[in-house]
Amino acid sequence: MSKSKQGFFEEVYNIVSQIPEGSVITYGMIASMLGNPRASRIVGYAMHDAPPNRSLPCHRVVNKQGRLSPDSIFGAGNQRDLLEKEGVAFNEDGCIDMDKHLIKWDL
DNA sequence: CGAATGACAATCT
DNA sequence: TAGATTGCCATTC
């Protein structure tokens, strides 16, 4: 197993692995924590390449719209089902109720 | 080193 | 309001 990924990716995996159940986080937040509030895409790319051996709850990582990743990538309806099982509430639009489940970091 | 990629975000029309 | 475009930045070829 060679470490193809550089530090940034591991930082992303580290944060994602810390997401408690029933909570979600946005790509922009993770990027901001890493010091690059504009690297939201890098976070998404890290998720795309996220190795399952990290047990990354990538289903808890959503965009700011509270929207989940494309079913084509995740696997048709799996992500939403997982979140619902963890106690995450969804809106009628199929988006996560960010105001209730979005992680709030210590201010 | 340069070009291409990408599970986003913000802005414009 | 919804769809399309641009910007941003790390990783890969």
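Letters A, B, ... mirror the listed sequences (proteins, then strands); counts begin at 1. Computed from a prediction, not measured in an experiment: that's the story for all the values here.
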Check: Choosing from C:dA10, B:dA9, B:dA7, which nucleotide comes nearest the side chain of A:Thr26?
Finding: B:dA9

Next item on the list: State whether A:Asn63 places a side-chain N or O below 4.0 Å from either non-bridging phosphate oxygen (OP1 or OP2) of B:dA7.
Entry: no

Checklist line | d(CZ, A:Phe9; P, B:dA7) in whole Å | finding: 12 Å

Checklist line | Nearest-angstrom distance from the residue atom NZ of A:Lys64 to P of B:dA9 | finding: 7 Å

Margin query: Assuming nearest nucleotide by heavy-atom distance, tell me which of A:Asn36 and A:Arg41 is located more 5' along DNA chain C.
Written below: A:Arg41

Notebook entry, point to check: Rounded to whole angstrom units, what separation is found between the CD1 atom of A:Ile30 and the C1' atom of C:dA10?
Noted result: 15 Å

Next item on the list: Compare the minimum distances between each of B:dA7, C:dC9, B:dG6 and the side chain of A:Arg38, then state the nucleotide with the smallest one.
Entry: C:dC9

Next item on the list: Quick one: label A:Tyr27 by what it contacts on the DNA or RNA (base, sugar-phosphate, nothing), any heavy atom closer than 4.0 Å.
Entry: base

Next item on the list: Please report, rounded to the nearest Å, how far the P atom of C:dT12 is from the CG atom of A:Asp49.
Entry: 7 Å

Next item on the list: Specify the separation, in whole Å, of atom CZ of A:Arg54 and atom P of B:dA7.
Entry: 22 Å

Note to self: From OH of A:Tyr45 over to P of B:dA4, roughly how many Å is that when rounded to an integer?
What the structure shows: 15 Å

Checklist line | Nearest-nucleotide pick for A:Ile42, side chain only, options being B:dA7, C:dT11, C:dC9 | finding: C:dC9

Next item on the list: Check the pair A:Val16 / A:Met47 against side chain to side chain contact (heavy atoms under 4.5 Å, CB included), numbers first and verdict last.
Entry: CA-CA 9 Å; A:Val16 174; A:Met47 292 289 94; 3.6 Å; yes

Item checked: Listed nucleotide nearest any side-chain atom of A:His48, set B:dA7, C:dA10, B:dC8 -> B:dA7

Notebook entry, point to check: Whole-Å distance between B:dC8 C1' and A:Leu34 CG?
Noted result: 14 Å

Next item on the list: Assess the side chains of A:Gln18 and A:Asn14: does a donor N or O sit below 3.5 Å from an acceptor N or O?
Entry: yes

Checklist line | Contact summary for A:Ala46 and A:Tyr13, nearest pair of heavy atoms | finding: O-OH, 3.1 Å

Checklist line | Rounded distance (Å) that lies between atom C1' of B:dA7 and atom CG of A:Leu56 | finding: 13 Å

Checklist line | Minimum heavy-atom distance A:Ser23-A:Val88, with the two atoms named | finding: N-CG2, 4.5 Å

Check: Is there a donor-acceptor contact under 3.5 Å from the side chain of A:Asn78 to the main chain of A:Asp81?
Finding: no

